[in-house]
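Okay, so here's the structure we're looking at.
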Amino acid sequence: MELALESGRVMTDPTEADLRSAMAGEQFAILGIDPDTYIQCAAIGDQPGHYILEYQDGSLDRHYQAGDGPITMDRVVSAFTKYLRRDASWLDDFRWEPLDL
């Protein structure tokens with residue numbers, strides 16, 4: 001997997017500790033298996049400490065946003081960590097809504 005950050009930093013095969021330390025203070029982050037399969041977050045400009053969380057599962061037709069936001073960084077890091085471990089329970093931690101891209 002690859003972690004890409006708003007700062008331009010890219011980490012190949014990050015660890016859980018890497019996720020926790022690298023994501024702090026970033027405005028967005030993408031953790032991807034490949035260019036079409038990933039989880040991502042972006043800071044909400046008018047709500048410091050809150051994020052939008054999305055994932056894509058193989059194609060633009062399968063792109064979703066967590067509908068129970070705004071989401072705190074702790075919840076974002078938890079979802080990214082589970083995604084990294086390939087623990088699918090992160091899907092149950094949010095109410096997902098399809099996005100029309």
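Following chains of ILVMFWY side-chain contacts shorter than 4.5 Å, one cannot reach Ile33 starting from Phe28, and the two form parts of different hydrophobic clusters.
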* To do: Evaluate the criterion side chain to side chain contact (heavy atoms under 4.5 Å, CB included) for residue pair Met1 and Arg86; output intermediate values, then yes/no.
  => CA-CA 11 Å; Met1 276 195 215; Arg86 297 186 181 350; 2.5 Å; yes
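With Trp90 as the partner, the ring-ring contact (aromatic ring centres under 6.0 Å, His included) test is satisfied by one option alone out of Phe80, Tyr83, Tyr64: Tyr83.
To the nearest 0.5 Å, atom CD1 of residue Ile30 and atom CD1 of residue Ile39 are 11.5 Å apart. Here the straight-line distance linking atom CE of Met11 with atom CD of Glu2 works out to 11.0 Å at 0.5 Å rounding. Atom OG of Ser78 and atom CD1 of Ile71 lie 11.0 Å apart (nearest 0.5 Å).
Side-chain contact check for Gln40 versus Tyr55: every heavy-atom pair is 4.5 Å or farther apart. Counting heavy atoms from C-beta outward, Leu99 and Glu54 have side chains that approach closer than 4.5 Å. Counting only heavy atoms from C-beta outward, the side chains of Val10 and Leu3 never approach each other to under 4.5 Å. With a 4.5 Å cut-off on side-chain heavy atoms, Met23 and Leu31 do not count as touching.
The side chain to side chain donor-acceptor pair (under 3.5 Å) pairs that include a residue from residues 20-31 are Ser7-Glu26, where partners are two or more places apart or lie in different chains. Residue pairs meeting the salt bridge (charged side-chain N to carboxylate O under 4.0 Å, His left out) criterion with at least one partner in residues 3-14, sequence neighbours excluded, are absent.
For Phe94, the ring pair (Phe, Tyr, Trp, His ring centres under 6.0 Å) partners are Trp96, not counting sequence neighbours. Every residue meeting the side-chain contact (heavy atoms from CB on, under 4.5 Å) condition with Ser89, not counting sequence neighbours, appears here in chain and number order: Lys82, Asp87. Partners of Asp34 according to the side-chain hydrogen bond (donor to acceptor under 3.5 Å, both in side chains) rule, which considers only residues two or more places apart in sequence or in another chain, are Thr37. Here Glu97 pairs with Arg95 under the side-chain contact (heavy atoms from CB on, under 4.5 Å) rule; sequence neighbours left out. Partners of Asp36 under the salt bridge (charged side-chain N to carboxylate O under 4.0 Å, His left out) rule, at least two apart in sequence or in another chain, do not exist in this structure. For Asp18, the salt bridge (charged side-chain N to carboxylate O under 4.0 Å, His left out) criterion is met by no residue, not counting sequence neighbours. Scored by the side-chain hydrogen bond (donor to acceptor under 3.5 Å, both in side chains) test, Gln56 finds Tyr38, His63 as partners (sequence neighbours excluded).
Residues Ile44 make up the rest of the hydrophobic cluster containing Ile52, defined by ILVMFWY side-chain heavy atoms closer than 4.5 Å, directly or through other members.
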